[in-house]
Amino acid sequence: MLSHTLILEVGIAVLLVAIVGLLANRLRFSVIPFFIIIGMVVGQHAPQFGHIDLTFTESKPFIDFMGRLGVLFLLFYLGLEFSVGRLMQSGKSIVTGGMIYVFLNFISGVLIGWLMDLPFKEMMVLCGVMTSSSTAIVAKVLTDLKRTANPETEIIMGMIMFDDLFIAMHISFLSGLILTGGTSFWSVLGTSLLALGFILTFLILGRKLVPIIDRLLQDKSPELFILIIFSLLFIIAGFSETIHVAEAIGALMAGLVFADSRYIKKIEGMIAPYRDFFGAMFFFSFGLSIDMYTLGGAVGWATLAAAITVVCNVASGYFAARFSGRKPKASFDIGFTLSARGEFSIIMANIGKAGGLLPILQSFVVVYVLILSIVSPLLTKESRTLWSALFGKDVTPLKQKKTLEQLEGSAGNIDT
């Protein structure tokens with residue numbers, strides 16, 4: 001039975017999210033850590049004032065469901081902007097840089113998991129958490145710093161696309177390893193191959209459905225247009241869940257299908273408000289699920305992991321810049337920007353929680369995401385200053401002035 005204060009509690013939750021969002025914009029920070037922090041602050045240990053329960057005990061299942069919708073809209077919108085063709089056209093330098101990025105970050109996850117003495121399943125979640133850059137934060141940072149037209153931005157977005165593709169595969173692997181409850185190698189392999197087949201089917205055959213979808217959307221009223229989009233999104237995401245593929249991957253695949261629609265701009269315009277609203281509730285609901293008094297044991301490990309992540313990303317940025325013919329100083333721009341962690345890390349932490357893995361994973365991810373979602377934009381903003389402080393400013397060679405005799409000689413040559 002629904003609580004008679006449900007609407008009031010949801011309204012208060014949305015108001016709190018809006019207030020911290022305004023504060024984040026005022027401070028010119030990413031909003032993601034603010035959404036998580038306010039969720040933790042008003043979560044499990046908040047006081048109750050009459051009918052106002054800031055622990056959101058009654059409304060938490062509904063807020064969690066809104067957060068679940070937020071995952072779907074975030075991944076669906078990402079799919080709309082993702083293009084495998086663009087990745088292939090981006091050049092060998094971006095693919096090579098992306099492979100180095102994934103390798104270094106994945107190995108760092110193995111290292112931290114080994115140092116923490118984590119079991120195999122927990123270690124695999126940790127590897128995914130430390131490999132997944134936040135597309136939302138990266139895009140916002142590049143926009144806020146007015147670097148979208150910079151040469152290195154093409155490399156950054158290409159590496160992000162490569163990373164997103166890898167993370168989609170890794171989430172499908174985690175689904176087979178954790179969510180199905182399979183214990184044998186063959187059962188996990190079978191489920192993972194099924195997930196991989198699901199992804200490849202959409203990549204290869206899904207776009208053939210685009211003409212049919214376009215005919216469905218043609219000349220439709222706004223309400224019918226959005227109903228068709230939503231119905232296909234939820235059916236694809238729901239079907240993926242029934243075959244033990246994370247629903248987030250189903251949403252991503254749906255976005256990939258719609259990416260080739262001739263109505264792509266209209267779809268993006270209609271989906272963006274839902275992505276922003278439910279995406280904010282996703283981070284808030286994640287914060288609500290965390291007991292901030294249990295984070296102490298993860299602070300040291302998460303801080304070490306964040307430092308290693310920054311170093312690995314700068315290293316991958318160096319190789320990407322080198323392969324693409326950019327100056328070495330671009331490695332700071334690329335590496336610091338890609339160090340942000342956010343939505344994908346939390347999605348994989350939630351997979352671990354759903355599979356009953358060790359609670360320290362949740363605590364680790366909270367601290368890790370908070371550190372990098374705050375530090376990464378700051379480092380990116382000061383990347384040029386830090387490079388100059390460490391390696392000195394680039395000295396532009398002065399053009400040697402010609403002597404009077406040389407000028408007269410050149411003039412004489414013109415006359416002749």
Should [X] and [Y] count as side-chain neighbours, where that means a heavy-atom distance under 4.5 Å?
| X | Y | answer |
| --- | --- | --- |
| I346 | I36 | yes |
| S285 | R68 | no |
| F286 | I347 | no |
| I360 | M116 | yes |

Against S133, only a single residue in V138, D164, N105 fulfils side-chain contact (heavy atoms from CB on, under 4.5 Å); can you say which? V138

Just to verify, which of L358, I351, L174, N350 counts as forming a side-chain contact (heavy atoms from CB on, under 4.5 Å) with V125? L174

For residues 15-41, the ring-ring contact (aromatic ring centres under 6.0 Å, His included) pairs (sequence neighbours left out) are none

What pairs of residues pass the ring-ring contact (aromatic ring centres under 6.0 Å, His included) test when at least one of them lies in residues 363-383, not counting sequence neighbours? F364-Y368

Distance, nearest 0.5 Å, that separates [atom1] of [X] from [atom2] of [Y]:
| X | Y | atom1 | atom2 | result |
| --- | --- | --- | --- | --- |
| D214 | I264 | CG | CD1 | 10.0 Å |
| I63 | M281 | CD1 | CE | 5.0 Å |
| R384 | E382 | CZ | CD | 11.0 Å |
| L357 | E122 | CG | CD | 4.5 Å |
| I171 | L252 | CD1 | CG | 8.5 Å |
| R262 | I267 | CZ | CD1 | 11.0 Å |

Could you give me the CA-CA distance, side-chain angles and deciding distance for R326 and E152, then say whether side-chain contact (heavy atoms from CB on, under 4.5 Å) is met? CA-CA 8 Å; R326 307 293 179 195; E152 67 273 6; 5.6 Å; no

Does Y293 have any ring pair (Phe, Tyr, Trp, His ring centres under 6.0 Å) partners at least two apart in sequence or in another chain, and if so, which? H45

For F76, what residues pass the ring pair (Phe, Tyr, Trp, His ring centres under 6.0 Å) criterion, not counting sequence neighbours? F258

Step through the shown structure and confirm whether more than 12 heavy atoms of other residues, nucleotides or ligands are within 6.0 Å of [atom1] on [X].
| X | atom1 | answer |
| --- | --- | --- |
| F106 | CZ | yes |
| K381 | NZ | no |
| F391 | CZ | yes |
| F278 | CZ | yes |

Please report the C-alpha distance between K60 and D64 in whole Å, then the side-chain angles of each, then the deciding distance to 0.1 Å, and finally whether the salt bridge (charged side-chain N to carboxylate O under 4.0 Å, His left out) criterion is met. CA-CA 6 Å; K60 191 175 185 307; D64 287 343; 2.9 Å; yes

Go through it in stages, so that I can follow the logic: the residues are I38 and I19, the test is side-chain contact (heavy atoms from CB on, under 4.5 Å), and I'd like the CA-CA distance, side-chain angles, deciding distance and then a yes or no. CA-CA 10 Å; I38 191 62; I19 290 172; over 6 Å; no

Worked verdict on I32 versus F282 for side-chain contact (heavy atoms from CB on, under 4.5 Å): CA-CA 10 Å; I32 290 177; F282 163 62; over 6 Å; no

Sequence neighbours left out, what passes side chain to side chain contact (heavy atoms under 4.5 Å, CB included) with S316? Give chain and number order. I100, Y101, L104, M159, N313

What residues, two or more places apart in sequence or in another chain, satisfy side chain to side chain contact (heavy atoms under 4.5 Å, CB included) together with L111? W114, L115, I308

Would you name the heavy atoms of [X] and [Y] that are closest together and state the gap between them?
| X | Y | value |
| --- | --- | --- |
| L288 | G39 | CD2-O, 3.4 Å |
| M123 | G109 | CG-O, 4.4 Å |
| I226 | E223 | CG2-O, 3.3 Å |
| V31 | G21 | CG1-O, 4.1 Å |
| F162 | M99 | CZ-CG, 3.3 Å |
| W387 | S331 | CZ3-OG, 4.0 Å |

Backbone N/O of [Y] and side chain of [X]: donor-acceptor pair under 3.5 Å:
| X | Y | value |
| --- | --- | --- |
| S363 | L295 | no |
| R341 | S132 | yes |
| S376 | S373 | no |

For the aromatic rings, using the six-membered ring if either is Trp, is the centroid distance between F73 and F230 under 6.0 Å? yes

Aromatic rings H170 and F166: how do their planes relate, parallel, tilted or perpendicular, breaks at 30° and 60°? parallel

Walk me through whether M124 and M348 qualify under side-chain contact (heavy atoms from CB on, under 4.5 Å). CA-CA 10 Å; M124 287 299 97; M348 281 180 280; over 6 Å; no

Can you list the steps and then say if F56 with F284 is a ring-ring contact (aromatic ring centres under 6.0 Å, His included)? CA-CA 11 Å; F56 299 98; F284 177 75; 5.8 Å; yes

Donor-acceptor pair between S240 and E247 side chains, under 3.5 angstrom: no

Distance-only donor-acceptor check, side chains S339 and T309, under 3.5 Å: no

